[in-house]
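The structure appears right after this line, and notes come after that.
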There are 2 protein chains.
Amino acid sequence: MGATKTDHFTDKQNQIAIIAKALGHPARIAIIEYLLKVNSCICGDIVNELPLAQPTVSQHLKELKNAGLIKGNIEGNAICYCIDEKTFDVLKDYFSNIILTVTNQKCC
Amino acid sequence: MGATKTDHFTDKQNQIAIIAKALGHPARIAIIEYLLKVNSCICGDIVNELPLAQPTVSQHLKELKNAGLIKGNIEGNAICYCIDEKTFDVLKDYFSNIILTVTNQKCC
DNA sequence: ATTTATTATCGTAATATTGCAATATAAAAA
DNA sequence: TTTTTATATTGCAATATTACGATAATAAAT
């Protein structure tokens, strides 16, 4: 045990869970917010913005990239990172639908 | 090591991360979707809907409750669970803001 | 060619999560 | 009161995550 029983759930359920999980750490939220603040691709800098060692930040960036939340473009000896909008759209749509459905509930 | 460095991030960043983390498991997404499908408080039933043992489901429900995503009302010897809308509103607003900011980006 | 700067990977320790059997708890039903 | 039903808690094994030092990889600068 210890491993998530991915097989038993739908692709959509797993997709949303993977994206949400990637955002389930304050360092990764801080990375997303920093990319939004500078409002452009950013090369370097990210490590200096966070209270974590370089390998740790690199690992968090990798997870955000795997979840499709950010994109990384090689630019010389640095890598430019930026928000990958379409994955955030998936999340926003998903939660908007939840809100729409739930406001019609009459209970509790 | 191994523990998240919560102290170094803002309250808002930690709040969003905690909510996202709670949604970062397909079983918990499935629970939310089931509560939406029945569109009311539901007593019992949840365990039968999921491919997991009762203690495991109970644990997932507890995590969703801790994150403020669901509410549980005692009703006789059963407990009625339902969506806690306001926490989903927090998430929807957060992601809507991200989408609004990011669409103005010109790069990558 | 060597140094410098930037990012990734490896290895590893500490901690957290997932899942379940066994058991506990609490209220309704018999 | 005993049984049944519904949910929670405990304890534990398996696995995953977090964090970082050391090191590798890569390309620019000297």
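A, B, ... follow the sequence lines: proteins, then strands. Residue 1 opens every chain.
Look at CG on A:N73: it is 17 Å from C1' on D:dT26, rounded to the nearest Å. Here the C1' atom of nucleotide C:dT7 and the CD1 atom of A:I46 are 11 Å apart, to the nearest Å. The CG-P distance, from A:L52 to D:dA19, rounds to 6 Å in whole Å. Atom pair B:K71:NZ and D:dT7:P shows a separation of 18 Å (rounding to whole Å applied).
Take A:F95 and apply the ring-ring contact (aromatic ring centres under 6.0 Å, His included) test, not counting sequence neighbours, and it matches B:F95. Annotation: side-chain hydrogen bond (donor to acceptor under 3.5 Å, both in side chains) contacts of A:Q13 (sequence neighbours excluded): A:T10, B:E33.
No donor-acceptor distance shorter than 3.5 angstrom exists from the side chain of A:S58 to the backbone of A:Q54, with no hydrogens or angles considered. In this structure, the side chain of B:T101 does not engage the main chain of A:L36 through any donor-acceptor pair within 3.5 Å. A donor-acceptor pair under 3.5 Å is absent between the side-chain atoms of B:T56 and the main chain of B:L52, judged by distance alone.
Going from atom CG of A:L69 over to atom CG of A:L61 covers 11.5 Å, rounded to the nearest 0.5 Å. To the nearest 0.5 Å, the span separating CZ on B:R28 from CG on B:L23 amounts to 8.0 Å. To the nearest 0.5 Å, atom NZ of residue B:K21 and atom CD1 of residue B:I18 are 8.0 Å apart. In this structure, CD1 on A:I31 lies 9.5 Å from CD on A:E63, to the nearest 0.5 angstrom.
Using a 4.0 Å cut-off on heavy atoms, the residues of residues 55-70 of chain A that approach DNA chain C are A:P55, A:S58, A:K62, listed by number. Of the residues in residues 18-30 of chain B, those with a non-hydrogen atom less than 4.0 angstrom from any atom of DNA chain C are B:K21, B:H25, B:R28. For residues 7-16 of chain B, proximity to DNA chain C is found at no residue, defined as any non-hydrogen atom under 4.0 angstrom from a strand atom.
No hydrogens or angles considered: nothing links the side chains of A:Y81 and A:N73 as a donor-acceptor pair under 3.5 Å.
Using a 4.0 Å cut-off, some side-chain N or O of B:Y81 falls inside it from OP1 or OP2 of D:dA8.
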Extract from the structure each pairing of a protein N or O with an N or O of nucleotides 23-28 of chain C at less than 3.5 Å, listing the distance.
none

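Of the charged side-chain nitrogens involved, at least one lies within less than 4.0 Å of a carboxylate oxygen, so that A:K86 and A:D84 count as a salt-bridged pair.
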